Amino acid sequence: MTNQKKFLRYDRNQLTCDGVPFAELAEEFGTPLFVYSASAIRDNYRRISRAFASAKPLVAYSVKANSNGAIVRILRDEGSGFDIVSANEMDRVLMTGVSADRMIFAGVGKTADEMRRALKAGVREFNVESPAEAARLNDVAASIRKIAPVAIRINPEVDARTHRHITTGKKENKFGMSLDAARKLISSISKMPGLRLEGLHAHIGSQILSDQPHEEAVGVVDKFIGELVAAGHPLRTLNFGGGFGIAYHEEEKALDLRHVAKIVCALAKKHGLELILEPGRSIIGPAGVFLTRVEYVKYGKSHPFVIVDGAMTEMIRPALYDAYHEIRSVKKSSPRSKRVNVDVVGPVCESGDFLALQRELTIPESGDLLAVLDAGAYCSVMSSNYNSRPRPAEVLVDDGEAHLVRRRETKRDLYRHEVVPAHLE
Ligand code: LLP
């Protein structure tokens with residue numbers, strides 16, 4: 001089974017994005033290049049909203065997955081809320097005209113300054129992750145005569161069975177609070193005049209492909225809500241986080257949203273709570289392509305290397321998480337052409353600089369274009385300037401038209417913030 005994507009199609013042997021040939025995009029905007037399909041973003045958002053529709057949730061797009069303003073605006077127009085993890089992310093979303101009461105502020109390390117900014121803007125809910133954070137938020141709120149609406153993030157101690165770097169709900173992870181710590185904090189919240197308890201938050205990890213961890217988390221949260229309500233702590237909201245896994249590999253199956261939606265909606269309804277969700281990857285991941293051009297093919301002693309102009313500086317996921325991203329050649333290769341196992345690598349001086357290892361591909365020629373799929377989430381936002389590589393341009397294809405949504409960085413951008421001490425001039 002191939003990774004089905006409505007927006008990607010070969011037309012006269014050329015891969016296109018919603019009808020626009022990638023070869024034209026490469027010509028106009030250069031490579032490496034991030035390309036996003038607006039139709040795919042809308043479809044993904046709508047699919048999630050529909051799956052959970054019975055609970056009328058606030059679907060708060062997780063901005064960290066890709067914070068490009070054009071993407072935020074598409075989701076704003078869909079009626080999305082936003083999950084933010086810094087006050088700067090909040091400002092990015094505010095700049096698009098979304099009001100702060102559609103934003104959820106998460107993160108283990110909020111500074112006092114960020115709290116102040118978010119309180120003044122009027123964010124809908126702070127996900128509080130520790131007693132120390134609660135104490136600081138209480139002080140900050142009191143100092144500006146505000147009351148912070150809070151959801152306590154619990155760590156349900158469920159193994160999300162995903163990569164160890166992106167699991168968040170196990171007891172050894174830094175996220176959330178144990179049920180014991182949450183109980184204690186919740187019973188002392190009434191003594192904190194700057195805080196108003198609104199609800200619970202649970203996000204157990206990212207790229208979760210199985211129902212099971214969600215089922216386990218639903219069980220833990222259900223019991224805990226019951227206990228809190230019985231102890232006289234009425235709740236209003238339930239934030240079940242994001243983490244819905246997508247199919248990166250041809251043989252993978254994306255998470256069956258319908259089942260998870262059914263049990264999560266049932267949980268919210270059972271306790272009469274407003275449901276909040278924070279999906280990131282499942283909205284933007286499959287809607288993005290990383291377009292890169294082949295520089296050389298080098299025949300190593302054990303196998304060929306396809307050396308491309310894109311690198312770990314734009315796509316850190318393979319190096320960081322051993323992540324698999326499907327690669328298609330932009331010019332359709334004939335089904336009769338021989339396929340061999342190659343490493344697709346970038347020009348960066350690191351052995352970890354690869355986009356794919358031991359991947360079966362038709363050997364391309366220098367100048368050919370490759371499309372790295374599912375590159376919408378956690379790629380451009382995690383990019384760096386290592387090896388003095390300017391960050392690439394980003395393009396949005398909407399209704400058959402390509403729009404530049406981020407300029408390629410220039411050589412000057414690379415040293416813009418450096419300061420030369422006078423004695424070294
Ligand atoms: N809510 C919270 C509290 C989160 O920590 C995250 C992601 C999300 C929502 C969104 O999760 P999503 O629906 O996107 O799975 N860089 C890694 C992923 C890091 C995820 C961080 N938290 C990667 O490339 O796989």
Side-chain angles (χ1 to χ4, degrees), residues 41 44-45 47-48 51-52 57-67 71 75 80-86 89 103-110 125-130 133 151-156 160-170 173-177 199-210 213-214 217 238-249 252 254-255 257 260-261 264 275-288 290 312 314-325 355 372 374-384:
I41 299 170
N44 294 339
Y45 175 84
R47 192 169 31 80
I48 294 168
F52 289 88
L58 174 73
V59 178
Y61 169 63
S62 198
V63 176
K64 65 177 92 69
N66 192 322
S67 49
I71 292 164
L75 293 164
S80 182
F82 295 90
D83 158 41
I84 52 167
V85 80
S86 68
E89 275 192 356
M103 297 185 211
I104 308 296
F105 194 0
V108 294
K110 301 176 194 82
E125 210 161 88
F126 290 78
N127 293 336
V128 167
E129 306 233 8
S130 65
E133 182 193 338
I152 302 300
R153 177 165 182 181
I154 58 164
N155 183 333
R161 299 176 194 84
T162 180
H163 191 279
R164 67 191 169 86
H165 288 173
I166 51 177
T167 187
T168 53
K170 289 169 79 176
N173 297 135
K174 70 178 176 185
F175 298 99
M177 275 177 264
L200 287 188
H201 175 225
H203 166 86
I204 53 175
S206 196
Q207 184 52 13
I208 303 173
L209 288 170
S210 139
H214 288 107
L238 167 64
N239 183 337
F240 208 73
F244 312 137
I246 62 172
Y248 282 101
H249 199 285
E252 253 167 8
L255 176 76
L257 260 187
V260 172
V264 171
L275 181 63
I276 300 171
L277 300 163
E278 304 169 332
R281 185 192 316 264
S282 46
I283 293 178
I284 188 61
F290 180 59
M312 67 188 298
E314 298 82 52
M315 296 268 310
I316 189 93
R317 302 196 69 258
L320 202 53
Y321 317 113
D322 285 321
Y324 178 99
H325 284 261
L355 303 183
V372 185
D374 300 301
Y378 306 112
C379 293
S380 75
V381 284
M382 292 175 77
S383 62
S384 80

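Whatever order the structure lists ligands and atoms in, that order sets their numbers, starting from 1. Just the heavy atoms: all of them, side chains too, but no hydrogens, waters or symmetry mates, feed the values below. Quick caveat, the model's predicted, so the values are computed rather than measured.
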Does [X], backbone or side chain, put an N or O under 3.5 Å from an N or O of ligand 1?
{"X": "Tyr321", "answer": "yes"}
{"X": "Pro279", "answer": "no"}
{"X": "Gly243", "answer": "yes"}
{"X": "Ser62", "answer": "no"}
{"X": "His201", "answer": "no"}
{"X": "Arg153", "answer": "no"}

Please find the pair of heavy atoms, one from [X] and one from [Y], that lie closest to each other, and give the distance.
{"X": "Arg317", "Y": "Ala377", "result": "CD-O, 3.9 Å"}
{"X": "Ile41", "Y": "Ala287", "result": "CG1-CB, 3.6 Å"}
{"X": "Arg281", "Y": "Pro286", "result": "O-CD, 3.3 Å"}
{"X": "Gly245", "Y": "Gln207", "result": "CA-OE1, 3.2 Å"}

Using a 4.0 Å cut-off to any heavy atom of [X], which atoms of ligand 1 qualify?
{"X": "Gly280", "value": "12 (P), 13 (O), 14 (O)"}
{"X": "Glu278", "value": "1 (N), 2 (C), 3 (C), 8 (C), 9 (C), 10 (C), 13 (O)"}
{"X": "Met382", "value": "16 (N)"}
{"X": "Asp83", "value": "1 (N), 9 (C)"}

Ligand 1 contact on His203 by region, counting heavy-atom pairs under 4.0 Å: side chain
Side chain proximity check, Val264 to His214, heavy atoms < 4.5 angstrom: no
Side chain proximity check, Asp83 to Lys64, heavy atoms < 4.5 angstrom: yes
Hey, looking at [atom], which of [options] has the closest heavy atom?
{"atom": "atom 25 (O) of ligand 1", "options": "Met315, Gln207, Arg281", "answer": "Arg281"}
{"atom": "atom 11 (O) of ligand 1", "options": "Phe240, Phe175, Tyr248, Tyr378", "answer": "Tyr378"}
{"atom": "atom 22 (N) of ligand 1", "options": "Glu129, Lys64, Arg317", "answer": "Lys64"}

Parallel, tilted or perpendicular: rings of Phe244 and Phe52 (30°, 60°): parallel
Parallel, tilted or perpendicular, as decided by the 30° and 60° cut-offs, for the rings of Phe126 and Phe105: tilted
Any residue meeting salt bridge (charged side-chain N to carboxylate O under 4.0 Å, His left out) with Glu133, in chain and number order, not counting sequence neighbours: Lys110
